[in-house]
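What you are looking at is a predicted structure, and each value in this text was computed from that prediction instead of being measured. Numbering of ligands and ligand atoms starts at 1, following listing order.
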Amino acid sequence: MKHIVEVMISEQDVKARIAELATQINQHYRDSGKELVLVGLLRGSFIFMADLCRMITVNHEVDFMTASSYGSSMSSNRDVKILKDLDEDIRGKDVLIVEDIIDTGYTLTKVREILQLREPNSIALCTLLDKPSRREVPVPIDYIGFSIEDEFVVGYGIDYAQRYRHLPYVGKVVLLDE
Ligand code: 5GP
Ligand code: MG
Ligand code: MG
């Protein structure tokens with residue numbers, strides 16, 4: 001489909017907000033005494049993770065998993081599956097899930113359930129973007145970068161049919177009439 005991408009959140013604003021999130025996270029986990037592991041959901045979180053983890057001053061591990069959600073279209077798929085699991089054990093650790101965007105909430109609900117079964121010390125959630133008006137199942141979110149309107153966004157790791165992940169800002173996709 002013919003479309004353009006408009007800047008929605010500038011590179012500067014994204015960077016500044018991630019620094020604020022990191023400050024909160026550092027304060028929260030500084031004296032936990034448990035091991036901290038950042039769990040990124042691939043592929044959308046990879047750039048957010050790269051920026052966030054470099055501002056986290058508490059010692060931590062970085063691990064990734066892949067949960068199926070959207071295909072290459074703009075419609076959602078409620079049948080969430082784990083396509084790639086974590087490489088490391090999380091038992092007894094503080095888990096901080098790092099996500100690109102929370103939409104209906106189905107993906108995170110399922111991921112939380114799966115991780116909870118492994119008996120971590122705690123599970124918290126950090127998302128760069130949140131679309132609260134789209135929520136279908138409630139998800140507790142501990143750290144939110146930006147709450148946004150119901151727009152289809154790309155950039156900063158987030159794709160449209162595998163394009164635009166490299167954009168250094170968050171953009172919105174605007175469909176054009178043929
Ligand atoms: P949920 O299970 O919360 O509906 O889906 C969350 C996932 O859907 C996100 O991690 C992301 O992969 C995808 N998603 C939700 N909204 C958007 C969007 O505006 N743009 C893109 N590219 N993906 C989105
Ligand atoms: Mg995602
Ligand atoms: Mg995608």
Note: heavy atom closest to atom 10 (O) of ligand 1, options Thr104, Asp100, Leu41, Leu42, belongs to Asp100

State the atoms of ligand 1, each with its element, that fall below the 4.0 Å cut-off from a heavy-atom position in Asp159.
-> 21 (C), 22 (N)

Examine Val153 against ligand 1 and note whether any of their N/O atoms are separated by less than 3.5 Å.
-> yes

Is a side-chain donor or acceptor of Asp130 paired with a backbone partner of Ile144 at a separation under 3.5 angstrom?
-> no

For the side chain of Asn26 and the backbone of Met55, is there at least one donor-acceptor N/O pair under 3.5 Å apart?
-> yes

Does an N or O from Gly105, backbone or side chain, lie closer than 3.5 Å to an N or O of ligand 1?
-> yes

Ligand 1 N/O within reach of Tyr160 N/O, cut-off under 3.5 Å = no

Any idea which part of Leu108 is under 4.0 Å from ligand 1, heavy-atom wise: side chain, backbone, both or neither?
-> neither

Atom 5 (O) of ligand 1: of Val139, Val170, Thr107, the nearest heavy atom sits on Thr107

Is the count of non-hydrogen atoms from other residues, nucleotides or ligands lying under 6.0 Å from Asn59 atom CG greater than 12?
-> no

Which option, Arg43, Lys172, Arg165, Lys131, owns the non-hydrogen atom nearest atom 16 (N) of ligand 1?
-> Lys131

Ion pair check, Lys2 and Asp177, cut-off under 4.0 Å = no

For Ser45 and Asp100, test the side chains for any donor-to-acceptor distance below 3.5 angstrom and give the result as yes or no.
-> no

Write the atom name of the N, O or S atom in Asp100 that is nearest the Mg ion (ligand 2).
-> OD1

Residue Glu151 excluded, over 12 heavy atoms near CD under 6.0 Å = yes

Enclosure of Lys34 NZ (heavy-atom neighbours >12, cutoff 6.0 Å) = no

Numbering as shown, the atoms of ligand 1 that approach Glu151 to under 4.0 Å (heavy-atom distance) | 19 (O)

Compute the ring centroids of Tyr156 and Tyr169, then answer whether they are less than 6.0 Å apart.
-> no

Please say whether Ile101 places an N or O atom under 3.5 Å from an N or O atom belonging to ligand 1.
-> yes

Which bit of Glu99 is near ligand 1, meaning a heavy atom under 4.0 Å away: side chain, backbone, both or neither?
-> side chain

